[in-house]
Amino acid sequence: MEKLSNKKKGYDPKEIEEKYRKYWEEQKIYKFNPDSKKKIYSIDTPPPYASAGHLHVGHGLSYTQFEIIARIMRLMGREVYFPPGFDDNGLPTEKYVEEKLGISKSKTNRAEFRKICLEESKKVEKIYVENVFKKLGHSYDWDLLYTTISPEAQRVSQESFIKLVKKGDCYRGEEPTIWCSFHETALAQAEVEDLERTTKLNYIDFDVASNSKENKKLTIATTRPEFLPACVGIFVSPEDERYKDWIGKELIVPLFNHKVKIMEDKKVDKDFGTGIVMICTFGDSTDIEWWKEYKLDLKSVLNLDGTFNSLGGKYEGLKVEEAKKEILKDLDKEGRLKKQESLNQTVGSCWRCSTPVEYIVTKQWFIKTLDYKEDLIKRGNEIKWYPEFMKARFENWTKNLKWNWTISRQRYYGVPIPAWYCESCNEIIIAKESEIPIDPLEAEKNCPSCGKIATPDSDVFDTWMTSSNSPEVASRWLENPELYKKISPMSLRPQSHDIIRTWAFYTILKSHLLFNRIPWKDITINTFVLDSSGKGMSKSKGNAIWVDDLIDKYGVDAFRYWVSSATLGKDLPFNEKELIAGKRFLTKLWNVSNFIFMNLEDYNYKKPKKLEKIDEYMLQTLAYNTNKIKSLYLNYNISGARELIDNLFWNIFANDYLEIIKRRIYNETGDKKASAQYVLHQSLLTILKIMSPITCFITEEIYQTYFKKIEGDKSIHISKWPEFKKELIEQTKELQGKGNLFREVLSKVRQEKTNAKKSMNSEIILTLSKEDLEMLEEMKEDFASVTNSKEIKEGKFKVEFI
RNA sequence: GAACCCGUAGUCUAAUGGUAGAACACCUCGUUUACACCGAGGAUACCCAAGUUCGAUUCUUGGCGGGUUCACCA
């Protein structure tokens, strides 16, 4: 009879993990079969940025969380489409390459730079695959691997662009754009983060243009005096008595001497500063609103790198901050700087480099979002959100959108924008669908109107342009339309809450615009791991705990056990102690299995004609709980399911049932023994299966050691979920009553023994009430055996020691 | 400023309109045929206030505290 290995040492995960990693890969256990008759369950996997070789527990948890779901669905009989992916496209990769190799994009040509990025990505991806995903036992179908910079992904991205341009939802415009002067690129609203800082509010005197009034000066408070050359208007509140007579008059902008008109607008807060606002193109986003509303002049003073252009006069060439200093100095010299106040402000900044963003008018490509707010919210409602309340984040964001989505980026490493422009007739030429993927820099086009050579677009797409089509990339939209049709819309998008406004939003948008439907049926928002003091974990903060270290110390299954205790959408402070519980579980399961196998040596795999009562009770309880666990699993409630499994396995099965049948198995023969053996066999197999999505290694090892030859499945992970007959699942009141009473009275007896400081198998004479005795009549032998009662009498409950 | 989430034993977490179930830690006792990485048992908890209710930790409102997201000012 086989024994589990390492009996003396207890459970040693290392060897077992190694063994099955190899086995699963060789046997292609997780291979997707497109011809399967089973219902498909498809996952729109989050492709990680391939820009670091480690994974901290936060990422480890979230990736494992939905990996468990993949395993659950496989067990439920679904054909699971679970493709791994890498996001190796765009700014994060560029930044990584620039930092790691000390190269700047401005000093390298695009082709060269792209080549380096691609090579670096491949290296990091390899580390990820081997050291992270495979190590953690993740059950991807590796044949389905995709990357967002691959020609296929580029094709999807460009195709979606072409379709949307044709549809009129994507346009090129010259508009104020959110701009990062460090990265020298346009940004989307979603890429802007708050930056709190202290700044100075400067009170500056403006002269009045005509001398008709006795008052010759007005004082204006501004945080951005450097924008004086771009000043195009002055606003006051219509409710402000102080300036009533000033409306319509003109002021002379200090240092630059151009005239600007004073106008009124309700949005002006008369209590801020002096109650006068100067509008510049563009100091902030409200400037843009007023500029648009009142059709003011455009005076662009900034170059794309954040320096002043010729409009800045003597300040030309200076950076914004330097210009500000100089201008303030000069204002002070002229006696115009009346006072300066300290002010706390929050400015938008680039999420990658924290440089405060500027607003610069440039030619960019946009996808319409503002026209579709309501439609998108409707789409959001068609999707099932886990947890439900996370939908509010999506709705909030969608409702409050102020900008169309800027999709062009003045960067190198990304999907090229497949467009050319004719300088002489302003024609825009878009690539044909048959040509993509294409890089316009490497393909010459002539203008269809005038025949001249058109200028290629040198920009690339925002990375979300590709990521928002992850369902299409992952399911081979253009490559394999038949497959795509089969698995779309996808079943699940698992992701984290911080990118609801980007990834979830853009994906829903794209799906709505391109296909007029939702991209997936369910979305799960994974648990967000904090450090033990409740702070977000990151490499830069230095509080990250790495998955490698943990699995070295505790093993993958213990880590996965910890993952299974997390609730979707909630924060979870990391506590290393929690992994001890996982380790404990593994040891227990290991020992229980050893015990059972020892006692199944003479088992003939046949169900005896009649089961003992307590065995039947165990079987019912098993069936009932398994069924409950199934519905929890199907609702992605992994922690709920795990709790039930723990109770079923540890308390009911190991601590009670095993103790109850122990002596019967040792001493009896025939059906009495076989009855227990049958239930042991069923119970262990069931427990292994329902636990296999979580602790995938140990359950496989135990399955392979004993059950495989009987059950026949190559792996527990492609076996079938244990289904029970209806009468077992529904339980019978009578048997449950009796079995529960059995366990209650047993507990009472144990308590008496504890109170008397006796060991659990000390011999006793037991007295039970008449009702209890009648109830337990059919299970009397087992009861006497587990309590080690030499005699059971009728009367008032009493435990006598011999 | 707004929206959303959360506030349960020392720590972390679960369920629930009838005062709470685990885990880790703690205390007591126990170990001759799976397991001391164990077994039996014990102590310890629903942020505050008002309301709805026969009854609230659970529902409503307000407050306090923590978190996330969004908006913010010239």
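Here is how names work: the chains are called A, B, and so on, in the same order as the sequence lines, proteins then strands, and each is numbered from 1.
- Checking the phosphate oxygens (OP1, OP2) of B/A34, a side-chain nitrogen or oxygen of A/Tyr666 falls inside 4.0 Å.
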| said: Does A/Tyr554 form a ring pair (Phe, Tyr, Trp, His ring centres under 6.0 Å) with A/Phe559? I'd like the steps, not just the answer. | reply: CA-CA 7 Å; A/Tyr554 298 96; A/Phe559 177 76; 9.9 Å; no

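- In this structure, B/A34 makes no Watson-Crick or G-U wobble pair, since no nucleotide meets both defining distances under 3.5 angstrom.
- Among the protein residues, A/Lys748 comes within range of no part of the nucleic acid, since none of its heavy atoms lies under 4.0 Å from any strand.
- Between A/Ile500 atom CD1 and B/U69 atom P there is a gap of 10 Å when expressed in whole angstrom units.
- When the C1' atom is compared between B/A45 and B/A20, the two are found 9 Å apart, to the nearest whole Å.
- Contact between the side-chain N/O atoms of A/Arg584 and the OP1/OP2 oxygens of B/C24 is found at a separation under 4.0 Å.
- The nearest whole Å value for the distance from the CZ atom in A/Phe528 to the P atom in B/C5 is 18 Å.
- When the P atom is used for both B/A14 and B/A23, the distance is 15 Å, rounded to whole Å.
- Residue A/Trp650 is in sugar-phosphate contact alone, with no base atom involved, counting any heavy-atom pair closer than 4.0 Å across all strands shown.
- At a threshold of 4.5 Å between non-hydrogen side-chain atoms, the residues A/Phe505 and A/Ile500 do not count as touching.
- Between A/Phe742 and A/Phe783, the angle of the ring planes goes over 60°, which puts this pair in the perpendicular group of the 30/60° scheme.
- Nearest to the side-chain atoms of A/Lys757 among the listed nucleotides B/A34, B/C29, B/G41 stands B/C29.
- Looking at heavy-atom distances under 4.0 Å, A/Ser747 makes contact with sugar-phosphate atoms alone, never a base.
- Distance noted for atom C1' between B/U68 and B/G10: 27 Å (whole Å).
- Crowding of A/Phe256 atom CZ: a count of heavy atoms from other residues, nucleotides or ligands under 6.0 Å exceeding 12.
- A/Thr223 comes within 4.0 angstrom of sugar-phosphate atoms only, judged by non-hydrogen atoms across all strands, and of no base.
- When side chains are defined from C-beta on, A/Val277 does not count as touching A/Ile234, because their heavy atoms never get closer than 4.5 Å.
- When heavy atoms are screened at a 4.0 angstrom cut-off, A/Ala756 is found touching no nucleic acid atom at all.
- Side-chain proximity of A/Thr567 to the nucleotides B/U69, B/A14, B/C37 is greatest for B/A14.
- Separation of the C1' atoms belonging to B/A9 and B/C26 is 12 Å when rounded to the nearest angstrom.
- Between the NE2 atom of A/His497 and the P atom of B/C4 there is a distance of 17 Å, given to the nearest Å.
- Between the P atom of B/G39 and the CD1 atom of A/Ile660 lies a distance of 15 Å, rounded to the nearest Å.
- The stacking criteria are not both satisfied for A/Phe389 over the base of B/C4, which would need a centre-to-centre distance under 5.5 angstrom and an angle between ring planes under 30 degrees.
- Pairing partner, B/G17: none, since no Watson-Crick or wobble contact has both distances short of 3.5 Å.
- In this structure, A/Asn761 atom CG and B/C35 atom P are separated by 13 Å, rounded to whole Å.
- With B/C37, B/C12, B/C70 as the choices, the nucleotide that has an atom nearest any side-chain atom of A/Trp397 turns out to be B/C70.
- Remark: P of B/C35 and CG of A/Asn599 are 12 Å apart, rounded to the nearest angstrom.
- Of all nucleotides present, only B/U61 satisfies the Watson-Crick or G-U wobble test against B/A49, with each distance under 3.5 Å.
- The base of B/A34 is paired with the side chain of A/Glu659 by a donor and an acceptor separated by under 3.5 Å.
- When Watson-Crick and G-U wobble pairs are counted only if both distances are under 3.5 Å, B/A23 pairs with B/U11.
- If A/Ile580 and A/Lys753 are placed on RNA chain B by their nearest nucleotide, the residue sitting closer to the 5' end is A/Ile580.
- Checked against B/A40, B/U33, B/G30, the side chain of A/Met760 finds its nearest nucleotide in B/A40.
- Interface remark: the A/Lys588 side chain does form a donor-acceptor pair with the B/C35 base, using a distance-only criterion of under 3.5 Å.
- Taking the six-membered ring for Trp and thresholds of 30 and 60 degrees, A/Phe394 and A/Trp385 have ring planes inclined between 30 and 60 degrees apart.
- A salt bridge does not link A/Glu250 with A/Lys261: every distance from a Lys NZ or Arg NE/NH1/NH2 to an Asp or Glu carboxylate oxygen is 4.0 Å or more.
- Between the C1' atoms of B/C48 and B/G42, the separation comes to 31 Å (whole Å).
- With distances taken from any side-chain atom of A/Lys662 to the nucleotides B/A23, B/A34, B/C4, the minimum falls on B/A34.
- Within 4.0 Å of A/Asp287, counting heavy atoms only, lies no atom of the nucleic acid at all.
- Of the candidate nucleotides B/A23, B/C70, B/A40, B/A23 has the atom lying nearest to any side-chain atom of A/Ala581.
- Between A/Tyr678 and A/Tyr603, the ring center distance fails the sub-6.0 Å criterion.
- Comparing B/U44 with B/G1, their P atoms sit 42 Å apart, to the nearest whole Å.
- Regarding A/Arg642, its CZ atom lies at a distance of 13 Å from the P atom of B/A15, rounded to whole Å.
- A/Glu395 has its CD atom 19 Å from the P atom of B/U69, to the nearest Å.
- Of the nucleotides present, B/G67 is the one that pairs with B/C4 by Watson-Crick or G-U wobble criteria, both distances under 3.5 Å.
- For B/G39, the paired base is B/C29 (Watson-Crick or G-U wobble, both distances below 3.5 Å).
- Rounded to the nearest Å, the gap between the C1' atom of B/G39 and that of B/C6 is 37 Å.
- Taking 4.0 Å as the cut-off between side-chain N and carboxylate O, A/Lys14 and A/Asp12 do not count as a salt-bridged pair.
- Closest to the side chain of A/Asp284, out of B/A34, B/G42, B/A74, is B/A74.
- Along RNA chain B, the nucleotide closest to A/Asp646 and the one closest to A/Asp656 are compared, and the more 5′ of them pairs with A/Asp646.
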